[in-house]
Amino acid sequence: MKIGYPCINRSIGCTSNKTFRLKSYSEEKMITTISNNLLCLKKILQYNINHNIFFFRISSDLVPFASHPICIFKWQHYFKNDFKEIGEIINQNKIRISMHPDQFIVLNSIKEDVVKRSINELIYHAEVLDLFNLDFSAKIQLHIGGAYGDKKRSMQRFIDNYLTLNEKIKKRLIIENDDKIYSVKDCLMISEKTHIPVLFDTFHHCLLNYNESIKECIYQIQKTWQQKDGIPMVDYSSQQPNSTKGKHAESIDLIDFIDFINQTKPTDLDIMLEIKNKEKSAQQAEQLLRQDKRFYHPVIIRE
DNA sequence: TCACGTCAAGCAGAT
DNA sequence: ATCTGCTTGACGTGA
């Protein structure tokens, strides 16, 4: 079991998702920005290692405009050695990595150009993980997409479009339940036909479900992960008290977290904490688990 | 130096 | 029709 947090570290004073305006695009800006982002990513990973955090989501903005037609700069070649060096840090320290393309990536869109742009963005994500030389346990997590007034057909469109993807993406793509349209059950149905691993998001599940317990969900989703996919990933977050429904909490509620951990036994999971204060909550959770051995050493269920 | 309008991109649901 | 939220900030112009 590893504990992680997404994209941003608030403690070290730099970010790995620096960008600039499309209007001011230049090769020079690409070089300075990507240099900054890779250097900062290295610092974040080093910080994480020093604080026993071995799961991290790399920002999709690591290389700005990577899949935009304006970008003809061969960043993959220019930064080859930097990627290799960071990849070695990741591999040597057995850091689990995920990426999460943002809301514009809709594989099941009814608009052909949206699908095309989405696939280009997925190619970029897979390229990043390949340049780090990571195995196929490094994943790209994606929601199913829109419903367009016909959920069944929209699910089929997701499957059809998924089947057209190249192997480099297919080996890394995983699907995640969302809070409005596609529940865990829907993801499992798609997984049954495609063998895509399902990432369970607890908070989304609380907002959209068919009354399945967390225990039941964990049992079902862990079956979708094969050996080569690594330990199942889970997104954990909780509701910010006294705020609009669906808003992520500012800091972790450790009582709620332990309650969740107890419900996931005996399955081993890597848990991504989607909580605003990022590394602070991750450290708290990690310390709690490390200090109390009852929560570690889970029995692994495998088919 | 700082405030704040705006930023490549989609979609659904609320207002 | 327009705004908000999503993993959410942060760029960069103009005062």
Side-chain angles (χ1 to χ4, degrees), chain A residues 4-10 13-26 29-30 32-33 36-37 40 44 55-72 97-125 139-151 154-155 157-158 161 174 176-183 186 199 201-204 206-208 233-240 243-250 252 271-279 281-282:
Chain A
Y5 65 96
C7 306
I8 292 166
N9 178 305
R10 288 182 171 183
C14 73
T15 71
S16 61
N17 53 326
K18 198 176 166 65
T19 184
F20 51 88
R21 294 284 165 265
L22 180 60
K23 269 198 286 188
S24 57
Y25 180 94
S26 71
K29 273 214 145 103
M30 283 295 275
T32 54
T33 306
N36 168 87
N37 290 351
C40 185
I44 293 173
F55 185 18
F56 187 66
R57 184 185 297 163
I58 293 175
S59 169
S60 296
D61 297 329
L62 190 68
V63 180
F65 308 108
S67 72
H68 191 283
I70 200 170
C71 177
I72 49 166
I97 294 293
S98 65
M99 294 185 85
H100 193 344
D102 62 28
Q103 62 268 35
F104 311 107
I105 287 55
V106 187
L107 195 54
N108 78 341
S109 177
I110 47 174
K111 296 176 192 159
E112 209 173 310
D113 58 322
V114 173
V115 175
K116 201 169 174 187
R117 278 200 296 273
S118 297
I119 292 174
N120 285 338
E121 186 72 2
L122 290 176
I123 290 171
Y124 152 66
H125 281 76
K139 295 300 189 190
I140 302 167
Q141 64 188 86
L142 196 62
H143 294 293
I144 305 304
Y148 310 93
D150 189 340
K151 205 167 138 180
S154 295
M155 284 167 76
R157 205 165 43 250
F158 179 92
N161 290 342
I174 59 178
E176 175 188 356
N177 57 305
D178 66 68
D179 58 346
K180 289 191 177 71
I181 306 165
Y182 297 103
S183 70
D186 299 319
L199 184 152
D201 186 309
T202 57
F203 194 29
H204 291 160
C206 290
L207 298 166
L208 177 67
M233 292 175 174
V234 161
D235 282 358
Y236 170 87
S237 56
S238 50
Q239 173 68 38
Q240 171 70 17
S243 194
T244 53
K245 202 171 144 193
K247 194 175 172 73
H248 287 165
E250 175 61 30
I252 190 166
I271 304 180
M272 179 65 61
L273 303 182
E274 294 189 325
I275 295 175
K276 293 228 178 177
N277 70 353
K278 308 281 178 182
E279 75 281 0
S281 285

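The basis for the numbers below is simple: all heavy atoms, side chains too, and nothing from hydrogens, waters or symmetry mates. Chain naming here is simple, since letters A, B, ... match the order of the sequence lines and numbering starts at 1 in each.
- Side-chain polar atoms of A:N36 and A:T33 form no donor-acceptor pair below 3.5 angstrom.
- Panel note: side chain A:T19, backbone A:P64; no donor-acceptor pair is recorded below 3.5 Å.
- Contact annotation for A:I70: no contact, since no heavy-atom pair falls under 4.0 Å across all strands.
- With the nearest nucleotide of DNA chain C identified for both A:I275 and A:K180, A:K180 has the one nearer the 5' end.
- Going from the C1' atom of C:dC3 to that of B:dG5 covers 16 Å, rounded to whole Å.
- For A:V114, the side-chain atoms get nearest to B:dG10 when compared with the rest of C:dC11, B:dA8, B:dG10.
- Distance alone, capped at 3.5 Å, places no donor-acceptor pair between the A:S154 side chain and the A:G149 backbone.
- Listed pair A:H204 / C:dT7 meets the phosphate criterion, a side-chain N or O lying under 4.0 Å from OP1 or OP2.
- Nucleic acid contact class of A:P69 (heavy atoms, under 4.0 Å, all strands): none.
- Between A:K116 and B:dA9 there is no side-chain N or O to OP1 or OP2 distance below 4.0 Å.
- In this structure, of B:dA8, B:dA12, C:dG12, it is B:dA8 that holds the atom nearest to the side chain of A:E121.
- Among the heavy atoms of the strands lying under 4.0 Å from A:T15 are primed sugar atoms or P, OP1, OP2 only; no base atom is included.
- Whole-Å rounding puts the A:N17 CG to C:dG9 C1' distance at 8 Å.
- Side-chain contact between A:L122 and A:P101 is present, with heavy atoms from C-beta onward closer than 4.5 Å.
- For the P atom pair drawn from B:dT6 and C:dT4, the interatomic distance equals 13 Å after rounding to whole Å.
- The CD1 atom of A:I181 sits 11 Å away from the C1' atom of B:dG10 (whole-angstrom rounding).
- With P as the reference atom, B:dA8 and C:dT13 are 12 Å apart, rounded to whole Å.
- Of all nucleotides listed (C:dC11, B:dA8, C:dG9), C:dC11 comes nearest to the side chain of A:K18.
- Side-chain N or O atoms of A:N108 include none that pairs as donor or acceptor with a backbone N or O of A:R157 at under 3.5 Å.
- The closest donor-acceptor contact from the side chain of A:Y124 to the backbone of A:V63 lies under 3.5 Å.
- Nearest to the side-chain atoms of A:S24 among the listed nucleotides B:dC11, C:dG12, B:dG10 stands C:dG12.
- As judged by a 4.0 angstrom heavy-atom cut-off over every strand, A:D102 is placed among the base-contacting residues.
- Nearest nucleotide to the A:Q103 side chain, out of C:dT8, B:dA12, B:dA9: C:dT8.
- Under the stacking criterion of a centre-to-centre distance below 5.5 angstrom and an interplanar angle below 30°, A:F104 is not stacked against the six-membered ring of B:dG10.
- Judged by distance alone, the side chain of A:R10 and the main-chain N or O of A:K276 form a donor-acceptor pair under 3.5 Å.
- Counting non-hydrogen atoms under 4.0 angstrom, A:F65 reaches a base of the nucleic acid.
- Put simply, the side chain of A:E274 and the base of C:dT8 share no donor and acceptor less than 3.5 Å apart.
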* Structure fact -> The dot-bracket string of DNA chain B, counting Watson-Crick and G-U wobble pairs with both distances under 3.5 Å, using [ ] for crossing pairs and | for pairs to another strand, is |||||||..||||||
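- Across C:dT7, B:dA12, C:dC11, the shortest atom-to-atom separation from the side chain of A:F20 is found for C:dC11.
- A:I8 places its CD1 atom 14 Å from the C1' atom of C:dC6, with the value rounded to the nearest Å.
- Between A:Y5 and the options A:F56, A:F55, A:Y236, a ring-ring contact (aromatic ring centres under 6.0 Å, His included) holds for only A:F56.
- Counting to the nearest Å, the C1' atom of B:dG13 and the OH atom of A:Y148 are 15 Å from each other.
- Across all strands, A:S67 comes closer than 4.0 Å to base atoms (heavy-atom distances).
- Put simply, the side chain of A:H100 does not reach to within 4.5 Å of the side chain of A:S60, judged on heavy atoms.
- Taking atom P on both nucleotides, C:dA10 is separated from B:dC11 by 27 Å, rounded to a whole Å.
- With C:dG9, B:dA8, B:dG10 as the candidates, the nucleotide lying closest to the side chain of A:K276 is C:dG9.
- Distances shown here put every side-chain N or O of A:S237 at or beyond 4.0 Å from the OP1 or OP2 atom of C:dT7.
- Nucleic acid contact class of A:R21 (heavy atoms, under 4.0 Å, all strands): base.
- For A:H100, counting side-chain heavy atoms from C-beta on, the closest listed nucleotide (C:dT7, B:dA8, B:dC11) is C:dT7.
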